Every structure is written in structure tokens, then in C-alpha cells.
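Written below as C-alpha cells is the structure these notes are about.
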Amino acid sequence: MTQHTSRLCKGYFTKKESDGPLNSLKSDEAASGPKQGPTFQDGQRRVDYVLTYHIQKPRSFRRKTSHFGDYRILRSLRRSLSMMRGRDTPPPKEDPEVAAHKHRLDYHEDDKRFRQTEFEDNLREMGLELEKDEGNKIPGIGFLKIHAPWNVLCREAEFMKLKMPTKKVCTPMLKQRINLFIRKVTAPLHPKVEPNRAQNVKHLSHPFSREKQHLFDLSDRESFFDSKTRASIVSTIDLKFDLLKMTITGITSLLGNGVYTAAYPLHDTLFYPLLSCQILYEEWASYSVFYKYQPIGLIRKYFGEKIGLYFAWLGVYTQMLIPAAIVGAIVFLYGCATVDNDIPSMEICDPRNNITMCPLCDRACSYWKLKTACGTARASHLFDNPATVFFSIFMALWAAMFMEHWKRRQMRLNYIWDLTGFEEEEGHHRAEYEIQVMQKTLKKQDMSPKVNLSLFHEVEGHLLLSPLQVGVTFAVVFGVILYRISIRAALHMSSNPTARTNIRATVKGTAAVINLVIIIIMDEVYGALARWLTLLEVPKTDKSFEERLIIKTFVLKFANAFSPIVYLAFFRGRMVGRPGDYLYVIGSYRMEECAHAGCLMELCIQLCITMLGKQLIQNNLFEIGIPKIKKLIRRRKSDMDSQQQEDYNMTLQRHEKDHFLGPFVGLSPEYMEMIIQFGMVTLFVASFPLAPLFALLNNIIEIRLDAKKFVTEVRRPIAGSAKDIGIWYNLLRGLSKVAVIVNAFVISFTSDFIPRLVYQYMYSPDGSMHGFVNHTLSYFNVSDFQPGTAPLQPMHLGYEVQICRYKDYRETPWSNTPYDLSKEFWAILACRLAFVVVFQNVVMLMSDFVDWLIPDIPKDISLQIHKEKILMVELFMKEEEGKKLLRDSHAKQSPLQPRSRPASHTPSNC
């Protein structure tokens, strides 16, 4: 297992169990010299960042004249705009390869070479050390290795205000006895990482300062800045040219223009043995450890806070699904146990039942017996029983508990990761926004760079989004409706007896699968559409761009996934009409009716197929299959056989192996996948109590699948700092509030819960459910059929039908107001609306009480933060006292040499 994972972690395409971890590093070791790992040719300076480019044959600079003419104009624009802007904050850690897709231009090869040379000169001026590798084993690809020396790291760390651990350590008093007991009990569930780390010891952190280096433990400068921090610093310097040079020579622009083809930090090998990808694979990305907790601290150290917070949130969400899945399974089992005692189902299935029902469609459909709906009625009881009401209330409180639990977990991580005082910067202007400014300046239009150029484009984007989304959603839903209607009529006219006896199952199943296929296809279309609309708005900063893209993608994909479910829950069977006066669309197509047991069963089927299909096909199968297909295509294009390919991979160095990995495209797809699942779990849980169980099983696989992808399939992303999950928390909170209202309407209007209560307490002669089925059926005189709508085979049942029944609350044909809505209808409608109001207010009040009862910040964490601030003040006071004593000793010209005060490593209680 260790041998195999070692090879996987280093990006190989072949697998050979006989090659061990040491053999897989031979190429790196040979190329690196005496020091193992990715280094320069001298074997000492480590590779912090890598840029790749295409190697072209030398050409004359024949386009230099026109190039310099245009470049002088751009330089003047940069100087004028940078003077107006002043000194900005450091740019955010956005993956430059992702940002590069936002603006692509074609440049002549000479122009590319000139810009490459200028960019590299700028990097050297910033103090970075460069080394080119063009004689590698990948033809046509050159590598630019970048190393940040100590003085550059210190300078940028101070500028970026990075919090680094000081010499001062303390022992947090975080309920040690309870934590020690819990840790012993759950020891088999914890990953085996960081065995040498001192338990319950925390270094106090402080923003790095070159003037106060004596406060920090610099005994080992090689490990003071870890690989994640070093790559982040180099990336900041690369992106800084986008800020200072107006996007013409910054790495984002150069990637977009094709000057460079990729930019990425390297996966760790032997520099940091506790952070190597082999450890992450064995204790995190392997399916064999699915039952263990995630090593969140190790993930954060290797990938950064943003990715660490994502996996921490996913872990909390998955853990919270365990009680929800257990309760949902109990509710489902309760329905299975009580189905034989359900009186309405027994009445429908009673063979003595002789109720003749009206045709389900015009002409082609004939009269039918109610007892033929026995299977649907019994299946509906599994999900439509009194326990589902309790489960809806439970899930509303569960959502509130989940949000509070995550807030507390997030605050605890902020304390552990020293993010309590972190404030995310707004970031620098995006390339497109700056280009718009330059274009406006060239046209001499009266517009300042500080003017919000995206205002008009934002309005334009919203105006395009709303009608487009409504139109496409309506077209998709209406198309499936027409399919249901036409296929039902065709099956009724079929001469095959098997097809005629399974009409409902065929229509339900095929329509649900068609909806699933449309959802999967339209998800990709909506993702591209959301990006196009966001680009159209020209947001000012990268943060604004990301938030707008998330909102648009969420709205489009949410409507795409839930529009068929909303139709089944709240619209199907509501606008049907009655026999003799049906509602028609597009000529002779009659609107769909619900089965006698209601639409809840069809809603459950649609929700089940959509949820399982999206998780199995779109999420898991695509994530596993697409990378394997890409590798297979690459292998097919290669002229080498498997053994040659394996030997070739063994000779590749670390930066060459990572070149074959896929680029990191951000966390938005991962979050979006889970947010849609959260909606499936909470919004319509009253109709599908097994949704939390399916979500739990999916997430157990999803965590390890995502982990394996991050470790073995994609290049190492640039570490980004964040103290929360951002806008995703607001979306989760909004969904949890909407879920209360949606479940209230599902219970009230989609299920038969309210009609059963009304009948039992208002109309039942003995207070039982006997007679409920007959109470829900109205009478229709077949002589009142409209011309051309009567059944073609009226004698299908073997006798002439005079009166048929249909599900509705209407007056009888022999009453003074035939076929009008009866008083029972209005009484049930009033009870349904009253239930919605009461349920919504009671559940939301309970959720708000839970929110108020549980503090957002754990008490022990707030105490620790306060005590650490006191310790830091004491540390600085001792430092000032030491400086004062040193000055006094110099003033007195003491013959004794002043001794530097040793830093205290003794842990203090904090």
C-alpha cells in the first residue's frame, strides 16, 4: 500500500507494486544533488514555484518597432492610473491559471519572448532567483524554476502581515480532562499524523516583522516558512505586477496571452516529511480510512485555510447527517410497519371495493377500478404518514443545529489557525476592469478609474438572466409535461396488455430519468452561461467577480435541479379541471392528474432519481471517469508502450511530474455540489425521509474522492487565507429558512395529512378513518362529457357506466349547484392555510431559540483569545524592558558584555 501510494502521490500514470517510495524518488535525488527534493542544479536552493512555457526556435525581433510604439502608450497609461490609485493592498491568492482564462489575446512569438524576458527581469529586481530548464524530458516545454531567498521571504511576509509563531508557547486549558477522555475513546478514529508533536502546546503568533526577528524561533530557517507559505509569497510577487504594471506584464496576463502555459507550486516530497502527499494519501485520501476523522490541521498546512475550511465544513456536515439519516430511516421503517394497518390503503385494496373511476385521459382511456391503484396507495403510505410531520420539524431544528455547530467549529479553527484578527482584503482591480479604464482613457471620455464601470453591465446581466432563466426552465418543465401526457395516451391505446397494466410506473420512471438527463446537461450549460453573464458585468475586483459568479451559478443550477420537483409538489393536479370541463393545453392535451393517493409518491420518485443520479453520475462518476479518460487519451497518443511509459515516468523530476497533473479550478464546483445536496436533504424532506441517508453515504465517498483528487489528480493550488466559508454560509442559512416554508406547504397541500385530520375530527361518524376514501371522491354523470371526449370503449369493464368517480371536493350532479366546489373543499383549504402559518411560525421560533441558546463562540475559546492577548502584551513589555536595560548598560559603559535575554520556551498556562 505504501509503495503504491508513493507513486500515486508523485503523479505517475502507471502503477507497479514492486517499486518502493525510495525508488520513486531516484530521479529527483539524482537531479537535485546532495539534497533530496525539488531544487536548483546546485542542490541547495529549493524550488518554490514553477512557470512553464513553449520552447520556440529563435527568431529575429522583426516586430519590435511596432511593439515598442504601442508599449510606450501603455506604459504612460499605467503610470497615470497607478498614480491615481496609489499603493494598493496585496492581491488575493487566486490561482493564476484560473484567472488567466478571463482574458486571452494572441501575441506574436517575438512579443511573447519580449514580455517573458521583461517579466523575468522584474522578478529578479524583486529579489527572486530563477533557473531555466529547457533540456528536460518533455519536448517543447521549458520550465522556469523560482526560488525565494530568506530576505525576500522576510520582506514579503512583513508586507503581507503574515502571522508567524513566536518563541512564546503556552498550554491551552481547554477542558483538558474531558478532551483527554474523549480522545482516548475515539483514538481509533483519529488519523495517524504528527506523532512527534507536543500535545496541548500552542505557539503564540504575531505578524512577522524584520525588526523583531528575535521574537520568532529562527533556529531552523529552512522550515520557518513552510512550502505553502513560500509558494504563496512567490505567487503574491508574481501577481503584484498585475497591480503595478496594469496587467500587461503580470503573470495572469502572461498566462492568458500564452507567454507562459502554466504556473504552479510543487507538491512536497522530503522537505517536510509530515506534510508529504504520501502521508495525506495514506491517512486522508484512501478509501480504507473512510471511518476516520480528517486530518484538518494537516490539510490546512499543506493546502491553505480556504481548502482546509472546505473539508472541515464537509466533515461537520457529514457528521451531522448521521442522526438525520438514523431518524429518517426510522420514519421510513415506521411507514413500512404500519402500512398493513392504514385504513385508507385497506379500503382502496379491498377486493369488495366496486368504485368505478372516470377516465384518466380523453377518448383513449376508459373507466377503471379504484382497487387497481392498490400498489400506489400502499407505497405512498411509506412516505405519507404522521411520522413525516415529526421528521419535518426535526429536520428544521437539525438545520439550525448544524449551522450553529459549524459556527462554533469555525471559531475554534480560527483560534487554532491564528485567524482571529484576520480580515480579508477586497483585492486589486481585475484585468478586464483596468482594460476598460484604459480604453475609456484612450477615448478621452470623462470617466475616472474610481467610477463603477460595471453598473450598466450589472443591470444588463440581471435583465438577461431573469427572462432567460424563466423561459428555459418553463420550456424544460413543459416539455416533460407534454411527454407524460402523450406517452400515457399512447400506452392506453397500445394493444400490448403488459404496457397497459404498467402505465403509471412507466410514465413516472421514464419521465424522472428524462428530467435527470436534462438536469445534468443543463447544469453544464448554466455553468457556462453564469460565467458569461458575470464577465459581461465587468466586476471591479476578483472577490466581487467570484461572489457574483457564485450567485448566478447557484440561481441557475438550483432552478434547474428543483423546477421539476416544484412542479410535482405544488402545481401538478392543481389546474386540471373536472370531468366534462378539463383544462387543455396546446389544443387537445389535457393537464396531468395526480394518482388517487396524491402526487407525493411521484414527488418521492423524482427526488430519489434526481438525487441519486446527480450524486452517482454527475458528481462521483464524472470526477472518477473524466481524469481516467484523459490519462487514457494521453497514453494512446504516446508512442511508448506501458513499460516504456513507466520507465519514462520514473525519470521525471518533481516539476515535470506535476506538469502532467490537471490545473486547480477552485472550490466553487465542490461547494455548489454540496449546497444543491443540502437543498435536496432539507427542502422536500417531508416527501423523502431517506434523503439524509443517501446524502450521508454519498459524502463518505465524496470526502475521500475529493481528497484523492487534490492529492493525486490536480496540481498543488496556491494557498489562500480565509476565516470563514464566505457567501456559501449565507446560501446555507437561506436554504434552511426556506426549507421550513417548503415543507409546510408539502405537508399541507401535497400530502393527505390535513384532509385526513379534517375528516377524522369533523366528518367521520365514529372518529376513525373508515369512509375517508369515499369522502374524497366526487360523482360525475357520464352524460355530461363534452362531445369528442367520452371513452372509445365504454364497455371496457363489461358493463355500462352511468356514474363515475373522481378525486375532488365538488357537489353532486343532482344538487342545485352541480360540480361546484363543495363546503368540504373550503374547510380543508382553510385548515391547510392555517397549518402552514402555525407550522412555519412554531418551527422558526424553535430554530431561533436554538440559535439564541447556543453561543456562536465557545466560552473556552473566548477565554483563550483574551489570555493570549495578555501574554502577547507581557511579551512585548519584557522586550521593552530588555531594550531599556541594554541602553542603560551602554550608557554606564559597563565592562561586562550585555547578554541577550534568552527566549522562554517554557509553556505558560493560557
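It should be emphasised that the depicted structure is a prediction, and the values quoted were computed from it without experimental measurement.
- For an aromatic pair to be called close, the ring centres must be under 6.0 Å apart, and Phe749 with Phe570 fails this.
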Legend entry - Evaluation steps, side-chain contact (heavy atoms from CB on, under 4.5 Å), between Ile565 and Leu683: CA-CA 10 Å; Ile565 299 172; Leu683 289 179; over 6 Å; no
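- Minimum heavy-atom separation, Leu516 to Gly613: CD2-CA, 3.7 Å.
- The six-membered or imidazole ring of Phe710 lies near that of Phe311, with a centre-to-centre distance under 6.0 Å.
- A donor-acceptor pair under 3.5 Å links the side-chain atoms of Asn743 to the main chain of Thr682, judged by distance alone.
- Checked against the 6.0 Å centroid criterion, the rings of Trp406 and Tyr729 do not qualify as a close aromatic pair.
- Considering CD1 of Ile393 and OG1 of Thr388, their distance stands at 10.0 Å, rounded to 0.5 Å.
- Taking the ring centroids of Phe562 and Phe558, they lie under the 6.0 Å cut-off.
- Side chain of Arg716 to backbone of His267: no donor-acceptor contact under 3.5 angstrom is found.
- No donor-acceptor pair under 3.5 Å is formed between the side chain of Thr553 and the backbone N or O of Ile550.
- For the atom pair CG (Asp384) and CD1 (Ile747), the distance works out to 9.5 Å, reported to the nearest 0.5 Å.
- Between the CG atom of Leu697 and the OG1 atom of Thr318 there is a distance of 11.0 Å, given to the nearest 0.5 Å.
- Here the options are Phe303, Trp728, Tyr671, Tyr317, the test is ring pair (Phe, Tyr, Trp, His ring centres under 6.0 Å), and the partner is Tyr310; only Tyr671 passes.
- The two residues Gly308 and Ile296 make their nearest non-hydrogen contact at O-CG2, 4.1 Å.
- Taking CZ of Arg704 as the start and NZ of Lys708 as the end, the distance is 13.0 Å to the nearest 0.5 Å.
- Summarising the geometry, atom OG belonging to Ser392 is positioned 5.0 Å from atom CZ belonging to Phe839; distances are rounded to the nearest 0.5 Å.
- Looking only at distances, a side-chain donor or acceptor of Thr750 sits under 3.5 Å from a matching main-chain atom of Ala569.
- Here the two rings, on Phe402 and Trp398, have centers that are under 6.0 Å apart.
- The two residues Ile609 and Ala512 have their closest heavy-atom pair at CD1-CB, 3.4 Å.
- Taking a 6.0 Å sphere around CE of Met844, one finds it holds more than 12 heavy atoms contributed by other residues, nucleotides or ligands.
- Of the inter-residue distances, the one linking Cys608 atom SG with Leu603 atom CG reads 11.5 Å to the nearest 0.5 angstrom.
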Legend entry - Stepwise side-chain contact (heavy atoms from CB on, under 4.5 Å) check, Glu670 with Lys709: CA-CA 12 Å; Glu670 312 298 336; Lys709 179 177 68 175; 2.3 Å; yes
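- Counted within 6.0 Å of CZ on Phe571, heavy atoms from surrounding residues, nucleotides or ligands total 12 or fewer; the atom is thus considered open.
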